[in-house]
Every structure is written in C-alpha cells, then in structure tokens.
Amino acid sequence: VARRLSLRKHPECHSMAGGKAIEHLAQTGNQELLTFRLPMQHYRNCDFSFSGLQNLVYNAIVQKEKEEGIQEGEILSCVKDVAAAVQHAVAVHIIQRTYRAMLFCIKNSILPSKNATLVVSGGVASNQYIRKALQNLADANDFALLCPPPRLCTDNGVMIAWNGIERLRAGLGVLHSAAGIRYEPR
C-alpha cells in the first residue's frame, strides 16, 4: 500500500520503510473517511489474509486519484486518511483472527487456564497502533502480551533463518541434498 501511495515521495516519509510511513501518516489521518470491508469474514478459522484488503485499498486509491484528477505516483490529498483506514482495517483483522485463535486454544485446553501468553513479533509488532490493539485484546482475555522492542521487530526473514538454524541443529525437517528439488521464482 505504501508503494502504491508513493509514500517515498511524501515529504514526511521519504526515508521511512512502508509500514512505518503508513503508521506515521495514520496518526493524523481520519480512519472513518474510508471504510474497507474486512477479509475472510465468512471463514470460521484462524487464518489471516490481506490480499482481498489490498485489492480493496488499491481500488479505493484508483478512485481517489480519479476524483482528484491526479496520476498514479502523485500524492493524494487524503493520503493520511487512506493510511489511517488501512492501518485500522489491518488491526481489526488481526484482532478478530487472533481472538478466534485464543478462544480455540482455550476451548481445546491447548493453553493453560491461567497465565496464558500472546507473543507477537516481526514487522507487525513494531506498529504501535496494532500493538495497542493487541494489548487491549490480551488484557480483556487475561493474557499476557509479549512483544520484542520495536527495534527488534524487523523483517521476518531473520526469524525464518533462525528457525532454519535451530531445525538444522536439531536435525528436524532438513534436506541434506537439493537433488530433485525444482525452484521456480515468482
């Protein structure tokens, strides 16, 4: 979304990563000026998906560009409102799906009845709006919330690589030969 909004060209965001730019602009935006339908509402599971939301946001951006008479790559006058609405929709989607997972774990005795903990990491955990929403969810359900400091909430690639190191050390699910494996870049 940050790329589609050309936030690198925005004077307040030119040196920020996309997620940080969205969070920054959303602080002074009005999330109620745009409403995005939440993804996966008819699925009764704990999966997350943002592709449907991304399409809705892209279509809204195209519509706003037409209304403002600007070309793709130019900054919308309502860019802060778009950022706020997107951030809010993402937060609500995460909260709904996480709450469903919490209920599932409680119902199936997967977690202890007391002292359950919700751990959130990766880039999403650096967003203070989402983190606050997750804290509210955890508090309302008597869960502790653990999040690394924002400076450590970076790209999941590091966590995936670390997981690979741990699996290699333990000898779990590691292929020792790449023979017969087909690689297809997207």
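The figures here come from the full heavy-atom set of this structure, side chains too, leaving out hydrogens, waters and symmetry mates. Note that the structure is a prediction, hence the values are computed from the model and not measured.
- Take E74 and apply the side chain to side chain contact (heavy atoms under 4.5 Å, CB included) test, not counting sequence neighbours, and it matches I70, Q71.
- Of the possible donor and acceptor atoms, none in the side chain of K9 sits under 3.5 Å from a partner among the backbone N and O of I75.
- Every residue two or more places apart in sequence or in another chain that forms a side chain to side chain contact (heavy atoms under 4.5 Å, CB included) with D81 is listed here: N30, L33, C78.
- For residues 122-136, no pair satisfies salt bridge (Lys or Arg N to Asp or Glu O under 4.0 Å), with sequence neighbours left out.
- With side-chain heavy atoms closer than 4.5 Å counting as contact, directly or through intermediates, the hydrophobic cluster containing L38 also holds V92.
- With sequence neighbours left out, the salt bridge (Lys or Arg N to Asp or Glu O under 4.0 Å) criterion links R4 to E65, E72.
- Taking the side chain to side chain contact (heavy atoms under 4.5 Å, CB included) definition, one finds that F50 meets it with F48, L53, V90, H93, I94, sequence neighbours left out.
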Show me the donor-acceptor pairs within less than 3.5 Å that the side chains of residues 138-148 make with the rest of the protein, sequence neighbours left out.
unit_1: D139; atom_1: OD1; unit_2: Q135; atom_2: NE2; d: 2.8
unit_1: N141; atom_1: ND2; unit_2: L137; atom_2: O; d: 2.8

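- Here Y43 sits in one hydrophobic cluster together with M40; the rule is ILVMFWY side chains under 4.5 Å apart, joined directly or through other members.
- The side chain to side chain contact (heavy atoms under 4.5 Å, CB included) test applied to E23 returns K20, Q87, N127, Q128, not counting sequence neighbours.
- In terms of the salt bridge (Lys or Arg N to Asp or Glu O under 4.0 Å) criterion, E68 has no residue partners (sequence neighbours excluded).
- Other cluster members for I110: F104, joined by side-chain heavy-atom distances under 4.5 Å among Ile, Leu, Val, Met, Phe, Trp and Tyr.
- Applying the salt bridge (Lys or Arg N to Asp or Glu O under 4.0 Å) rule to E166 yields the partners R169; only residues at least two apart in sequence or on another chain are considered.
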